[in-house]
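Values below: all heavy atoms of this structure, side chains included; hydrogens, waters and symmetry mates excluded.
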Amino acid sequence: MDTAPLRKSHKLDNVCYDIRGPVLDHAKRLEEEGQRILKLNIGNPAPFGFEAPEEILQDVMRNLPTAQGYCDSKGLYSARKAIMQECQRKAIPGVGIEDIFIGNGVSELIVMAMQALLNDGDEVLIPAPDYPLWTAAANLSGGRAVHYLCDEQADWAPDMADIREKVTGHTRAIVIINPNNPTGAVYPPEVVRELLDIAREHDLVVFSDEIYDKILYDGTEHVATGALAAEDQLVVTMNGLSKSYRCAGFRSGWMTFSGNIAKQRAEDFLQGINMLASMRLCANVPAQHAIQTALGGYQSINDLILPGGRLLAQRDITYDKLNAIPGVSCVKPKGALYAFPRLDPKVFNIADDQQLVLDLLLQEKILLVQGTAFNWPDPDHVRIVTLPWADQLEDALDRFARFLSRYRQ
């Protein structure tokens with residue numbers, strides 16, 4: 001008998017994650033044909049020689065015999081204690097052991113937080129450009145992502161007037177990504193305070209994605225959002241091991257809740273988070289043994305971001321070479337692992353930026369991600385990962401320049 005095709009849930013209609021999207025499928029096909037693809041689409045340190053510190057690996061291995069069972073649904077006590085002490089170091093007040101949830105990467109926790117907070121039709125203010133999982137998680141949870149613009153002419157700072165215009169009676173939360181993926185912006189305290197003022201005025205939960213807080217260049221300092229918030233503001237801070245400690249595959253992230261007065265009022269929401277954490281039983285136990293060593297040990301990330309370090313050198317190469325391409329401009333990233341250059345529409349006239357990155361892949365075997373995948377409204381940007389070795393990066397950017405010199409849509 002004839003049967004109808006099995007279709008995906010309508011909950012996925014407004015969900016996309018093009019960092020691993022259709023263009024990556026083409027890249028995989030090319031690899032299967034034996035072609036070598038330089039993947040500048042995802043911030044995955046290990047393939048480019050950025051390995052986890054040996055002491056972290058040793059601690060995980062030594063604890064494997066005791067990591068075979070489930071742990072507390074919030075996470076190992078020792079790991080949460082180390083995270084609590086890290087919050088104290090960052091001057092985030094009032095974060096106790098029970099205010100910390102460990103997840104299988106920050107990604108799981110973002111989805112969990114959105115599911116616990118949002119009812120159908122609720123709105124979340126999310127930056128444009130954004131890390132697209134925030135948008136996907138809000139939409140998947142029945143809410144609606146509303147994107148506030150960041151201003152490229154102001155070092156990608158959030159446009160406060162645009163945010164105020166987009167707050168409605170349905171707005172429940174605001175997301176801050178600082179340091180920012182994909183732009184590399186790092187917001188000074190006065191910018192974060194203004195965002196917090198808006199959130200407090202409209203009684204919004206503040207989600208602060210700070211996964212790149214230790215990857216900073218040129219003496220830039222990062223101040224945690226929770227350290228600047230009032231006691232009656234609920235700040236949910238996301239962080240983890242994947243970037244600063246090069247442990248992306250461990251899937252070890254955490255979520256902390258601060259604001260002592262706000263936590264009392266948010267007891268029902270926190271019970272929802274606790275329920276979802278319990279439903280998945282617990283996060284990866286072996287990887288949790290990396291947390292205490294990572295946070296309390298030698299901070300080897302500093303060797304990579306200070307003068308002479310690979311990450312700083314590669315940021316500089318990327319910035320200099322992009323700005324040397326006619327028609328291309330790039331704000332200098334102050335943190336993170338990416339550049340988000342603009343392709344002047346008057347020069348390139350790009351109407352479809354996904355087609356642009358597909359054509360680059362087919363012609364030059366370089367995989368980037370189009371700017372609209374980060375919910376940027378215009379097809380005039382791409383994101384470039386700055387992780388490859390300097391000679392690889394220089395070659396890739398030279399090829400990108402040659403490609404653009406002849407490319408028009």
Side-chain angles (χ1 to χ4, degrees), residues 1-35 37 39 41-44 70 73 101 103-124 126 128-147 170 172-173 175 181-182 207 238 242 248-251 253 255 272-284 351-362 367-377 379 383:
M1 66 177 181
D2 292 334
T3 57
L6 188 61
R7 300 193 181 280
K8 67 183 179 185
S9 165
H10 292 306
K11 290 180 291 188
L12 292 167
D13 287 348
N14 295 314
V15 175
C16 68
Y17 187 77
D18 280 347
I19 292 174
R20 288 187 169 183
V23 180
L24 178 61
D25 293 336
H26 285 280
K28 289 179 177 178
R29 175 179 56 79
L30 293 173
E31 286 182 320
E32 289 168 359
E33 295 172 357
Q35 303 195 52
I37 307 300
K39 293 180 179 176
N41 65 311
I42 190 166
N44 189 15
Y70 299 129
S73 61
F101 292 79
N104 296 300
V106 170
S107 302
E108 179 187 51
L109 298 169
I110 289 172
V111 174
M112 191 184 297
M114 293 294 103
Q115 288 177 331
L117 180 69
L118 299 179
N119 291 310
D120 289 352
D122 285 346
E123 296 174 353
V124 181
I126 298 174
D130 70 341
Y131 176 57
L133 181 64
W134 282 104
T135 293
N139 292 337
L140 182 61
S141 301
R144 188 170 81 89
V146 176
H147 294 102
H170 298 287
R172 298 291 306 282
V175 174
N181 174 10
F207 292 102
M238 309 286 189
S242 62
F250 282 31
R251 310 311 302 130
M255 170 170 64
I273 293 280
N274 198 45
M275 181 186 299
L276 291 172
S278 298
M279 285 169 60
R280 52 96 210 235
L281 297 176
C282 68
N284 179 338
D352 183 341
D353 56 354
Q354 180 171 294
Q355 186 63 48
L356 166 75
V357 298
L358 177 58
D359 291 338
L360 176 67
L361 171 67
L362 296 176
L367 180 60
L368 305 182
V369 183
Q370 67 274 18
T372 54
F374 301 93
N375 294 292
W376 184 246
R383 189 189 74 168

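For N375 (side chain) and P132 (main-chain N/O), no donor-acceptor pair under 3.5 Å exists by modelled atom type. In terms of modelled atom types and a separation under 3.5 Å, the side chain of R383 and the main chain of N41 share a donor-acceptor contact. A donor-acceptor pair is defined here as one N or O able to donate and one able to accept, closer than 3.5 Å; such a pair exists between the side chain of R172 and the backbone of L117.
Of all the heavy atoms in S73 and A277, the pair that sits closest is CB-O, 3.8 Å. Taking each heavy atom of A138 and I126 in turn, the nearest pair found is CB-CD1, 4.3 Å. Taking all atoms of both residues into account, the shortest heavy-atom contact from L109 to F101 is CD1-O, 3.8 Å. In plain terms, the two heavy atoms of H170 and G121 that are nearest each other are CB-O, 3.8 Å. Of all the heavy atoms in S107 and R251, the pair that sits closest is OG-NH2, 3.6 Å. Closest of all the heavy-atom pairs between M238 and A113 is CE-CB, 4.2 Å.
You'll find the side chain of F374 reaches within 4.5 Å of the side chain of V369, heavy atoms only.
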Derivation and outcome, salt bridge (charged side-chain N to carboxylate O under 4.0 Å, His left out), residues K28 and E32 = CA-CA 6 Å; K28 289 179 177 178; E32 289 168 359; over 6 Å; no
request  = Please step through side-chain contact (heavy atoms from CB on, under 4.5 Å) for the pair L362 and L30, ending with a clear verdict.
outcome  = CA-CA 8 Å; L362 296 176; L30 293 173; 4.2 Å; yes
task = Walk me through it: do M255 and I273 pass the test side-chain contact (heavy atoms from CB on, under 4.5 Å)?
result = CA-CA 10 Å; M255 170 170 64; I273 293 280; 3.9 Å; yes
inquiry  = Evaluate W134 against M114 for side-chain contact (heavy atoms from CB on, under 4.5 Å), listing each step before the verdict.
reply    = CA-CA 9 Å; W134 282 104; M114 293 294 103; 3.9 Å; yes
query = After noting the C-alpha distance and the side-chain angles of D130 and V175, does the key distance pass the side-chain contact (heavy atoms from CB on, under 4.5 Å) rule?
reply = CA-CA 9 Å; D130 70 341; V175 174; over 6 Å; no
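Of the inter-residue distances, the one linking L360 atom CG with Q370 atom CD reads 11.5 Å to the nearest 0.5 angstrom. Rounded to the nearest 0.5 angstrom, K39 NZ and L361 CG are separated by 10.0 Å. One finds the CG atom of N181 at 11.0 Å from the CG atom of L133 (value rounded to the nearest 0.5 Å). Atom CD of Q115 and atom CE of M279 lie 8.0 Å apart (nearest 0.5 Å). Here the straight-line distance linking atom CG of N139 with atom CZ of R144 works out to 9.0 Å at 0.5 Å rounding. One finds the CD1 atom of I110 at 6.5 Å from the OH atom of Y131 (value rounded to the nearest 0.5 Å).
When the shell of 6.0 Å around CZ of R7 is examined, it contains 12 or fewer heavy atoms from other residues, nucleotides or ligands.
For Q355, the side chain to side chain contact (heavy atoms under 4.5 Å, CB included) criterion is met by D352, L358, D359, Y407, Q409, not counting sequence neighbours.
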